Amino acid sequence: MGKPRCSCACFAVASLLVLLLAVAAFVFMDAIFLIFIRKEGYIKPGGEVEKQWMNPNTPIYTDFYFFDITNPDEVKKGDKPSVQELGPFVYREHREKFDIQYMFDETVVQYRMDHYFTLDLEKSVSDPATTFITTLNAPLAVVLAMESRLNSSLERDIINALIKGQGEHDLFIKRTVKDLLWGYDDPIFALAHRFDKSLPSQFALQVQNITDDYNLYSRVFTGKGDSSLVGTFIQWHEMNELPYWGSPAANAINGTEGLFFHPDVKKTEKLSAYIDNLYRSGFFVFNNTGAVEGIDTVRYVIPAHELANASVNPDNKAFYMQGPSGMMNLSVAYPMNPPVFVCKPHYLDTPEYIQRSVVGLTIDPVLHDSYLDMHALTGIILNAHKRMQVNMLVQPRESRIYDTSKLREMYFPILWVDETATVIPSDANELKGRVMRPMKALSITLICLMALASLAFVTGTLFTIRNRRRAGSRHGSSRLGQQSSSLNSSAVNESTTLLQ
């Protein structure tokens with residue numbers, strides 16, 4: 001009878017071991033998948049990550065929204081500007097990396113990029129070539145800012161004579177969206193170009209083909225050997241650091257280009273990205289959770305503190321953010337140092353007095369804040385919006401070029417931009433097929449295995465207990481029988497003795 005008891009006990013122990021292994025696998029399932037993700041999730045020749053990094057399947061669109069001034073004459077007399085937002089004017093953004101060179105045992109990759117825009121008229125509100133906008137005369141505002149920085153009256157006289165020689169200038173101009181975005185002939189810029197050929201001869205808010213991306217190399221880590229570094233910049237446009245800002249930390253080129261991040265992103269992390277059109281690195285922090293195309297995501301946003309002025313955030317002293325919070329000073333990053341300031345659209349996260357300086361704006365964080373929605377385990381961006389508003393600082397002052405003494409001092413809104421990328425359904429399904437479905441299948445399998453192992457352990461334990469009780473009962477009966485036989489034998493012996 002020993003063998004059945006031993007078999008039940010062994011069965012219970014084996015079931016317990018299976019249960020413990022299944023629980024451990026369920027608890028560490030993400031870590032198990034992470035091993036495989038890290039093994040394949042870096043930039044390598046011919047790999048899937050390289051394909052997406054070189055020419056992303058996810059379409060990138062840039063939506064331009066212009067502020068059309070409806071009361072230009074009143075603004076010249078000191079009234080608040082009243083604006084009407086026109087847009088979006090939608091362009092497909094292409095980023096095609098080429099001239100790929102791997103180095104240092106494939107831990108670093110060097111590349112150039114063909115970076116250009118094509119109009120998507122169907123998604124646009126109207127044709128940029130026929131839609132006119134009344135806006136600030138930016139070239140004139142640049143010259144007025146330059147004049148204000150001159151200490152010599154002789155220099156101011158020379159600039160005044162040169163500008164006056166180009167004809168009359170108005171504080172506001174009316175141009176098509178196409179002209180404002182991609183360039184138009186301006187006499188002030190043409191004059192500057194004659195003196196300095198490195199300066200553009202046309203004024204444009206955007207560049208159709210970004211030649212620096214095409215002509216200059218950049219380098220990033222591939223993530224081989226250390227997946228936390230995948231896509232992180234080493235050099236941008238052949239620069240190890242930027243030349244614009246006031247400290248080595250501010251000039252550092254940190255993070256990725258923002259199209260993807262390293263695997264296993266934690267909610268406590270600050271995610272760094274180099275934002276090329278802001279000429280600086282910044283970081284994102286966790287905000288909340290959500291879902292894109294049925295895939296669980298974590299959302300990261302730019303914290304308001306990151307854009308606070310130097311009195312609130314001392315780190316921004318090196319970025320020359322001495323003005324109001326929420327306004328990034330980019331004047332040092334452009335030729336001629338134009339008074340360009342960038343903020344979130346509709347003055348989101350700026351002081352109230354700035355938000356009330358223009359009539360016709362309505363702040364909506366859902367529409368105007370930037371964010372990244374990513375799949376945390378893989379670091380893949382599934383939905384992103386990078387939003388910013390371009391403003392020019394205008395100040396009241398007497399000038400022989402153009403008298404602005406009656407103007408209000410303000411950060412005049414020109415346009416805001418929404419650079420967006422949302423994963424296409426086929427790529428979302430591929431992510432589900434490669435990661436989500438196998439994880440779900442393994443999870444269900446492990447749950448079933450835990451349930452069966454638990455049932456088997458309980459069953460084996462109960463059978464073991466029952467067998468032990470039965471064995472104990474039989475052993476007790478046997479002892480009673482032996483005692484009874486012994487008593488009977490003793491009685492017989494006593495009887496025999498008496499008879500004798």
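Predicted model only: the values in this text are computed from it and were never measured. When a residue number appears, it is its place in the shown sequence, counting from 1.
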Subject >> Residues in side chain to side chain donor-acceptor pair (under 3.5 Å) contact with Glu48, at least two apart in sequence or another chain >> reply: none
**OP:** Tell me, please, which residues at least two apart from Asp369 pass side chain to side chain donor-acceptor pair (under 3.5 Å).
**Re:** Lys344
Subject >> Residues forming a ring pair (Phe, Tyr, Trp, His ring centres under 6.0 Å) with Phe98, sequence neighbours excluded >> reply: Tyr214
Original post:
Any donor-acceptor pair under 3.5 Å linking the side chain of Asn251 with the backbone of Trp245?
Top reply: yes
Subject >> Residue pairs involving residues 310-325 (criterion side chain to side chain donor-acceptor pair (under 3.5 Å); sequence neighbours excluded) >> reply: Asn309-Ser311
**OP:** Under the side-chain contact (heavy atoms from CB on, under 4.5 Å) rule, collect the residues that match up with Tyr244, sequence neighbours excluded.
**Re:** Leu242, Tyr279, Val332, Ala333
**OP:** Scan residues 359-368 for pairs that pass side chain to side chain donor-acceptor pair (under 3.5 Å), counting only residues two or more places apart or in two chains.
**Re:** none
Original post:
Can you list the residues that meet the salt bridge (charged side-chain N to carboxylate O under 4.0 Å, His left out) rule with Lys266, with sequence neighbours excluded?
Top reply: Asp264
**OP:** Would you mind listing every side chain to side chain donor-acceptor pair (under 3.5 Å) that reaches into residues 64-74, with sequence neighbours excluded?
**Re:** Thr70-Ser82
Original post:
Under 3.5 Å, side chain of Glu50 to main-chain N/O of Gly46, donor-acceptor pair present?
Top reply: yes
**OP:** Give a yes-or-no answer on whether the side chains of Asn337 and Ser331 include a donor-acceptor pair shorter than 3.5 Å.
**Re:** no
Subject >> Listed partners of Arg408 passing salt bridge (charged side-chain N to carboxylate O under 4.0 Å, His left out), at least two apart >> reply: none
Subject >> Parallel, tilted or perpendicular: rings of Phe172 and Phe412 (30°, 60°) >> reply: tilted
**OP:** For Glu93, check side-chain contact (heavy atoms from CB on, under 4.5 Å) against everything at least two apart and list the hits.
**Re:** Ile60, Thr62, Arg95, His115, Phe117, Glu419
Original post:
With sequence neighbours left out, what residues match Tyr184 under side-chain contact (heavy atoms from CB on, under 4.5 Å)?
Top reply: Pro139, Ile173, Arg175, Asp179, Leu180, Asp186, Phe203
Original post:
What residues, two or more places apart in sequence or in another chain, satisfy side-chain contact (heavy atoms from CB on, under 4.5 Å) together with Lys123?
Top reply: Tyr61, Val90, Asp120
